[in-house]
Colleague: 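Provided herewith is a single structure, encoded as structure tokens, for subsequent inquiry.
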Amino acid sequence: MSPVRRCSRTACGRPAVATLTYVYADSTAVLGPLATYAEPHCYDLCAEHSERLTAPRGWEVVRLTVDSGPIRPSGDDLEALANAVREAARPPARRQDGGSPADPTEVGRRGHLRVLRSPDTQ
């Protein structure tokens with residue numbers, strides 16, 4: 001099976017570029033960028049079918065911008081990633097007496113996860 005998601009329209013094998021979702025309570029069809037995961041109640045459409053989409057009479061079509069280019073990380077995303085790597089690489093702070101970590105509620109640590117003491121048992 002191909003990892004590329006295909007258009008949901010019958011007999012169309014083109015790659016999907018947009019996701020169609022119906023909001024029945026508002027009588028609205030929302031056409032937006034391709035969803036990260038295939039959802040059972042959404043329809044993936046190719047470029048041709050997404051351009052030709054019409055809704056039933058009385059319904060509104062909301063078209064969100066579909067970026068056809070490759071998704072690239074922004075500068076903010078890269079900076080946040082760099083900060084997270086720096087934080088994970090930093091050794092845990094120690095008290096001056098060389099004992100447990102500076103945070104008195106921290107009992108243990110494994111990677112980026114911390115085990116905290118219950119506030120009731122202090």
Side-chain angles (χ1 to χ4, degrees):
M1 184 170 169
S2 173
V4 176
R5 288 175 27 203
R6 302 288 176 190
C7 183
S8 297
R9 294 290 303 259
T10 305
C12 181
R14 291 185 287 265
V17 297
T19 298
L20 172 66
T21 306
Y22 291 106
V23 183
Y24 293 99
D26 298 332
S27 299
T28 304
V30 180
L31 183 67
L34 188 63
T36 306
Y37 300 101
E39 297 288 336
H41 301 289
C42 296
Y43 302 93
D44 296 335
L45 300 176
C46 65
E48 181 181 340
H49 285 122
S50 64
E51 289 171 8
R52 294 184 356 201
L53 175 76
T54 60
R57 185 174 305 175
W59 281 57
E60 181 183 357
V61 177
V62 176
R63 294 179 187 268
L64 304 174
T65 57
V66 178
D67 186 16
S68 60
I71 298 173
R72 303 182 128 199
S74 70
D76 291 341
D77 293 338
L78 294 176
E79 186 175 349
L81 179 60
N83 289 338
V85 169
R86 280 189 214 107
E87 181 67 28
R90 183 177 306 150
R94 297 278 177 191
R95 291 193 319 199
Q96 290 184 358
D97 64 0
S100 63
D103 185 0
T105 60
E106 186 174 321
V107 176
R109 189 175 188 94
R110 182 173 182 142
H112 68 282
L113 302 174
R114 297 183 298 169
V115 178
L116 301 178
R117 182 178 307 124
S118 173
D120 301 332
T121 61
Q122 289 189 13

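Keep in mind the model is a prediction, meaning the values are calculated, not measured.
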Colleague: Is the shortest heavy-atom distance from the side chain of Glu60 to the side chain of Asp26 under 4.5 Å?
Modeller: no
Colleague: What are the two closest non-hydrogen atoms of Cys12 and Cys46, and how far apart are they?
Modeller: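 So the two residues come closest at SG-SG, 3.8 Å.
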Colleague: Compare all side-chain heavy atoms of His49 with those of Arg14 and state whether any distance is below 4.5 angstrom.
Modeller: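 Yes, at least one pair of side-chain atoms sits under 4.5 Å.
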Colleague: Where do Arg6 and Asp44 come nearest, in terms of heavy atoms and distance?
Modeller: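 Taking every non-hydrogen atom into account, O-CB, 3.9 Å.
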Colleague: Under 4.5 Å between side-chain heavy atoms, counting indirect links through other Ile/Leu/Val/Met/Phe/Trp/Tyr residues: same cluster for Tyr24 and Leu53 or not?
Modeller: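 Yes, same cluster.
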Colleague: Can you give me the closest heavy-atom contact between Val61 and Ala55, atom names plus distance?
Modeller: CG2-CB, 3.3 Å
Colleague: To the nearest 0.5 Å, how far apart are OG in Ser27 and OH in Tyr22?
Modeller: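 Ser27 OG to Tyr22 OH: 12.0 Å, rounded to 0.5 Å.
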Colleague: For the atom pair CH2 (Trp59) and OG1 (Thr28), what is the distance rounded to the nearest 0.5 Å?
Modeller: 7.0 Å
Colleague: Would you say the side chain of Ser50 lies within less than 4.5 Å of the side chain of Leu20, judging by non-hydrogen atoms?
Modeller: no
Colleague: Taking all atoms of both residues into account, what is the closest heavy-atom pair of Cys7 and Leu45, and its distance?
Modeller: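 Scanning both residues completely, I find the closest heavy atoms to be SG-CA, 3.8 Å.
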Colleague: Might you point out which heavy atoms bring Arg5 and Ala35 nearest each other, and give the distance in Å?
Modeller: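 Nearest pair, atom of Arg5 first, then Ala35: NH1-O, 2.7 Å.
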Colleague: Between Ala18 and Leu31, what is the shortest heavy-atom contact and its length?
Modeller: CB-CD1, 3.8 Å
Colleague: To the nearest 0.5 Å, tell me how far Glu48 CD sits from Arg9 CZ.
Modeller: 9.5 Å
